Protein chains: 2
Amino acid sequence: MPFANERMSDDLKQDDDDRERVEGAPESVPKAVVSRLSLYQRELQRLISTGEPTVSSNRLGQLLGVSDAQVRKDLAYFGQFGHPGIGYHCPELVARIRKILGTDQERRVALVGVGNLGRALLGYKGLEKQGFRVVAAFDADRAKIGKSISGVPIQHLDELSDVVAAQQIRLAILTVPAEEALGVADRLAQSGIEGILNFAPIRLQLPPHVNHVTVDLAIQLEQVCFAVVNREATP
Amino acid sequence: MPFANERMSDDLKQDDDDRERVEGAPESVPKAVVSRLSLYQRELQRLISTGEPTVSSNRLGQLLGVSDAQVRKDLAYFGQFGHPGIGYHCPELVARIRKILGTDQERRVALVGVGNLGRALLGYKGLEKQGFRVVAAFDADRAKIGKSISGVPIQHLDELSDVVAAQQIRLAILTVPAEEALGVADRLAQSGIEGILNFAPIRLQLPPHVNHVTVDLAIQLEQVCFAVVNREATP
DNA sequence: GTCTGTGAAAATCTTCACAGCC
DNA sequence: GGCTGTGAAGATTTTCACAGAC
């Protein structure tokens with residue numbers, strides 16, 4: 001994970017339904033599976049851009065360092081996408097994965113905390129390439145209000161609720177200092193935000209209907225450091 | 001995972017040695033364990049700053065959303081740090097964990113790719129708070145060379161090897177565009193860098209003695225999006 | 001009584017291996 | 001021949017539960 005520190009539910013319901021999964025919510029999916037789905041989708045886009053019409057689980061897995069069985073099992077959580085003897089049709093599979101992830105439509109995102117990291121993310125192309133659009137930025141510092149960064153206007157935190165409602169924003173990126181993170185996260189929840197990508201190195205406590213993933217950059221570097229100091233190998 | 005996409009070895013050796021782990025490299029440690037070690041260490045620092053001398057596995061776990069048994073098992077990989085009937089002595093445990101992670105001494109870090117994200121990380125206090133110091137930044141763009149950002153001088157990529165050797169830098173942060181990431185990662189490896197924290201949304205291929213962790217920000221946001229669209233709950 | 005450290009059990013995740021389709 | 005989808009086997013990770021230390 002990245003390592004990242006995430007907390008998202010797995011409910012334990014056993015899915016003994018063997019009808020074909022038509023749509024929507026499979027009972028319980030390991031988060032590692034969802035993470036790999038994102039990887040697959042990215043690699044598939046690359047394959048498409050090089051003109052490959054189809055790909056086998058074996059090849060896709062090799063490109064990403066994952067076993068062929070793993071690729072097939074991961075996809076099987078959501079239905080049957082492959083064609084025996086042929087493999088997976090790249091554009092079709094991309095479309096299916098985007099639908100699963102919810103990135104088949106453009107997702108509007110609010111960013112809160114226009115410091116160093118926040119500014120960087122406002123200018124980061126990698127997010128919109130995957131279907132996210134940061135449409136509003138917020139900060140408590142009056143000096144920053146009114147400016148635009150990368151075309152995104154910076155507004156005061158007090159406007160949060162109104163803007164979220166008006167623009168029907170469901171996702172937020174939280175890039176405020178650790179000390180303020182808990183308070184601001186509360187305000188996000190109260191504003192109707194449903195999912196938060198948190199960069200503060202702190203455990204958020206949120207109502208159960210608000211999902212979040214925390215990315216702690218120092219922890220990631222510590223992982224690398226541990227591996228180096230303990231002379232591990234990257235296979 | 002954060003989802004992050006990491007690839008670090010687990011070797012499968014069975015550790016049937018029941019002498020006390022005196023030091024150094026435990027045979028094989030799940031990366032999730034190492035990741036939690038970082039969490040523990042952060043929370044312990046907070047406890048120390050509020051004046052708590054000791055903490056039980058139960059309390060530490062509660063603060064972080066982890067079971068008490070998990071805390072104990074994680075620490076048991078590296079030795080015996082606790083005191084029955086009392087718990088763990090916070091300062092002692094912090095010191096032990098830092099030693100395990102390799103952050104007991106200041107680690108010099110090189111940053112390559114002074115774009116939006118790179119600049120943000122140069123100004124990010126969270127890294128040095130955990131014992132990392134970015135001492136050199138590199139870019140291929142001549143226009144950026146010579147300036148300093150947050151006190152870190154920007155040098156040309158061609159200087160990489162010399163600077164890494166002169167300053168004995170072992171860790172690097174890679175914040176170049178995806179298209180250049182593979183090539184630059186090669187140069188890092190050849191310069192003697194031993195660990196890379198990679199932000200390019202691409203799978204690095206590196207010699208086995210160079211460890212790396214990839215943080216893909218778009219993937220993290222996709223995880224949140226999936227959870228929201230599929231109405232999961234955060235317990 | 002409190003708390004750790006740890007085998008044993010449970011749950012989860014990954015790989016194997018093969019039936020069935022192209 | 002090549003390939004997917006999947007039950008069964010295997011491996012790993014987490015939780016349970018308790019002996020032993022304070």
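Just so you know, these numbers come straight off a predicted model, no measurement behind them.
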Whole angstrom value for the distance that separates [atom2] of [N] from [atom1] of [X]:
{"X": "Leu75(B)", "N": "dT13(D)", "atom1": "CG", "atom2": "C1'", "result": "16 Å"}
{"X": "Asn58(A)", "N": "dA17(C)", "atom1": "CG", "atom2": "C1'", "result": "15 Å"}
{"X": "His89(A)", "N": "dC3(D)", "atom1": "NE2", "atom2": "P", "result": "17 Å"}
{"X": "Glu92(A)", "N": "dT4(D)", "atom1": "CD", "atom2": "C1'", "result": "13 Å"}
{"X": "Lys31(A)", "N": "dT14(D)", "atom1": "NZ", "atom2": "C1'", "result": "13 Å"}
{"X": "Asp68(A)", "N": "dC18(C)", "atom1": "CG", "atom2": "C1'", "result": "13 Å"}
{"X": "Leu60(B)", "N": "dC3(C)", "atom1": "CG", "atom2": "P", "result": "13 Å"}
{"X": "Arg59(B)", "N": "dT4(C)", "atom1": "CZ", "atom2": "C1'", "result": "18 Å"}

With the side chain of [X] defined as its heavy atoms from C-beta on, choose the nearest nucleotide among [options].
{"X": "Gln70(A)", "options": "dT4(D), dA17(D), dT14(C)", "value": "dT14(C)"}
{"X": "Ile86(B)", "options": "dC3(C), dT6(C), dC22(D)", "value": "dC22(D)"}
{"X": "Pro84(B)", "options": "dT4(C), dT6(C), dC21(C)", "value": "dT4(C)"}
{"X": "Arg72(A)", "options": "dC18(D), dG20(D), dA17(C)", "value": "dA17(C)"}

| request: Using a heavy-atom cut-off of under 4.0 Å over every strand shown, decide if Arg36(B) touches base, sugar-phosphate, or nothing. | output: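 It contacts sugar-phosphate atoms only.
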
| said: Here's a test of your reading of the structure: between Ala69(A) and Tyr88(B), which maps to the more 5' nucleotide of DNA chain C? | reply: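 In this pair, the answer is Tyr88(B).
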
| query | If you find the nucleotide of DNA chain C closest to Ser67(A) and the one closest to His83(A), which residue's nucleotide is nearer the 5' end? | reply |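 That would be Ser67(A).
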
| query | Less than 4.5 Å apart, any side-chain heavy atom of Leu204(A) and any of Val210(A)? | reply |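 Counting from C-beta outward, Leu204(A) and Val210(A) never come under 4.5 Å.
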
| query | Side chains of Thr214(A) and Asn198(A): donor-acceptor distance under 3.5 Å anywhere? | reply |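 Thr214(A) vs Asn198(A): donor-acceptor pair found between side chains.
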
| request: Answer yes if the side chains of Gln168(B) and Arg170(B) hold a donor-acceptor pair under 3.5 Å, and no otherwise. | output: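 No pair is found: no donor N or O on one side chain lies under 3.5 Å from an acceptor on the other.
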
| task | Please check the phosphate of dT4(C) (OP1 and OP2 only) for any side-chain N or O of Gln80(B) closer than 4.0 Å. | result |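 No, outside the criterion.
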
| message | Is the phosphate of dT12(D) approached by Tyr77(B) (side-chain N or O, under 4.0 Å from OP1 or OP2)? | response |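 Indeed not, no polar side-chain atom of Tyr77(B) lies that close.
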
| request: Find the distance between CG (Leu37(A)) and CD (Glu222(B)) and round it off to the nearest 0.5 Å. | output: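 One gets 9.0 Å once the value is rounded to the nearest 0.5 Å.
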
| field | Worked check of side-chain contact (heavy atoms from CB on, under 4.5 Å) between Arg42(A) and Gln130(A) | value | CA-CA 9 Å; Arg42(A) 238 173 251 28; Gln130(A) 294 306 323; 3.7 Å; yes

| said: Return whichever of Gly85(A) or Phe81(A) has its heavy-atom-nearest nucleotide of DNA chain D closer to the 5' end. | reply: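 In this pair, the answer is Gly85(A).
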
| said: If you go through the side-chain atoms of Lys73(B), does one of them form a donor-acceptor pair with the base of dT15(D) closer than 3.5 Å? | reply: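 Result: at least one qualifying N/O pair found.
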
